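Below you'll find the structure, written out as structure tokens, and then a few comments.
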Number of protein chains: 2
Amino acid sequence: MHACHEHATCVEEALGAADRICAERELRFTDLRRRVLSLIWENHGSSKAYDIMEKLGGDYSAKPPTVYRTLDFLQENGLVHKINSLNAYVGCSHPLKHKDCFFLICSCCNEVQECCASHVADTLRDMAGKNKFSPRHTTLEIEGECQDCLKKN
Amino acid sequence: MHACHEHATCVEEALGAADRICAERELRFTDLRRRVLSLIWENHGSSKAYDIMEKLGGDYSAKPPTVYRTLDFLQENGLVHKINSLNAYVGCSHPLKHKDCFFLICSCCNEVQECCASHVADTLRDMAGKNKFSPRHTTLEIEGECQDCLKKN
DNA sequence: AAACAGTATGTTATACTATAACATTGCCGA
DNA sequence: TCGGCAATGTTATAGTATAACATACTGTTT
Ligand SMILES: [Zn+2]
Ligand SMILES: [Zn+2]
Ligand SMILES: [Zn+2]
Ligand SMILES: [Zn+2]
């Protein structure tokens, strides 16, 4: 689906971007936050909160509030997104440029691709306007099958 | 937000449509199913499963599986939709014509308006195509403020 | 250094959302 | 009437998320 030849690069870039963003905003990119973001970036699928919790401490030494607070922090700063249709979380693939993005979710390989397209956003804004609605946040999640999986099957 | 001068009409229409749809498909529109759909149509907001459960039997005589099975039936037959961003359910406002719909959710008055627009669906399909993605189901939920609430505030 | 404030994390408990598995009931045709 | 199947009931449990309060860490002021 994606084209990351060397996935370690994805992780490093994500962590590097997080470092810079937190520095700029004078936020603390603590060890816990870094570990959670890193776990989320282990692959290009989405991660469930309780799976992250287990990975943080096999013995459940990390408790739910710890995980959810960390996820909240990462979301607030645009470093991860929640996929509402899955109750799961993905790393933002372009945290500084993120705007009006949406998600293509392959239910075969579970990968999630984050996309931006200004004309999609424009279309939605127009549509909202015609309905006299003032949008604040859009959830757009498209479930289906990615090219690789289509080919395989 | 919506323009139902006599909300009873909305409820009756919804129940009537359900009757017809179930008859056509040789499904049983049982008392329970009718009651749940009716409760959901009490207003134009979204309903939480556990609230429906309480209304079904103040003493919690209705248990979760009863409610969720009924909601599943109603969803499968296009009579209600789940709003993933709220974990809540709304009645479908046009069950026979439903196709590529999306939702405008006012976080002020909590009303949910269901909209269809073929050009929105077209735009999304094109976009998916450009990403070589074969979409199966789209979740599009726009949170914001409706005209009435904008005026009021 | 000691006191302090503010942020981050730990801990315990609980709320909220949803499903599995099996029992019972009710409907309908053979 | 019997058998089969769909619907509902029942009990238990899984899965997702937050409230409330305690402790620890970071950096600043005195
Ligand atoms: Zn993003
Ligand atoms: Zn795939
Ligand atoms: Zn609909
Ligand atoms: Zn409103």
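Chain letters run A, B, ... following the sequence lines, proteins first, then strands; residues in each count from 1. For the numbers below, each heavy atom of this structure counts, side chains included, while hydrogens, waters and symmetry mates do not. This structure is a prediction, so every number in the text was calculated from the model and none was measured.
Taking the six-membered ring where the residue is Trp, the centroids of B:H81 and B:Y89 are separated by 6.0 Å or more.
When each of B:R69 and A:P65 is assigned the nucleotide of DNA chain C with its nearest heavy atom, A:P65 is the one assigned upstream, toward the 5' end. Of the residues near DNA chain C, A:T66 and B:N87, the one whose nearest nucleotide (by heavy atom distance) lies more toward the 5' end is A:T66.
Here B:K82 reaches the OP1 or OP2 of C:dA18: one of its side-chain N or O atoms lies under 4.0 Å away. A close approach under 4.0 Å does occur between a side-chain nitrogen or oxygen of B:K48 and OP1 or OP2 of C:dT17.
In this structure, B:D72 places its CG atom 13 Å from C1' of D:dA7, rounding to the nearest Å. Rounded to whole angstrom, the span from the CD atom of B:E26 across to the P atom of C:dG29 amounts to 11 Å. One can place CG of A:L86 at 18 Å from P of C:dT17, the figure rounded to the nearest angstrom. Put simply, CZ on A:F73 is 10 Å from C1' on C:dA8, counting in whole angstrom units. Put simply, CE on B:M53 is 16 Å from P on D:dT8, counting in whole angstrom units. One can place CZ of A:R33 at 13 Å from C1' of D:dT26, the figure rounded to the nearest angstrom. Atom CG of B:L32 is separated from atom C1' of C:dT24 by 15 Å (rounded to the nearest Å). In this structure, B:Y68 atom OH and D:dT11 atom C1' are separated by 17 Å, rounded to whole Å.
A donor-acceptor contact under 3.5 Å is formed by the side chain of B:Y50 with the base of C:dA18.
Residue pairs that meet the side-chain hydrogen bond (donor to acceptor under 3.5 Å, both in side chains) test with at least one member in residues 18-32 of chain B, sequence neighbours left out, are B:D19-B:R34, B:R25-B:N77.
Contact check for A:L140 versus A:L124: side-chain heavy atoms found under the 4.5 Å cut-off.
At the heavy-atom level, B:Y89 lies under 4.0 Å from the strands shown only through sugar-phosphate atoms. B:T30 comes within 4.0 angstrom of sugar-phosphate atoms only, judged by non-hydrogen atoms across all strands, and of no base.
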Passes side chain to side chain contact (heavy atoms under 4.5 Å, CB included), B:C146 versus A:K132? Steps please.
CA-CA 7 Å; B:C146 75; A:K132 318 220 168 169; over 6 Å; no
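Remark: B:R125 engages B:D122 in a salt bridge, criterion side-chain N to carboxylate O under 4.0 Å.
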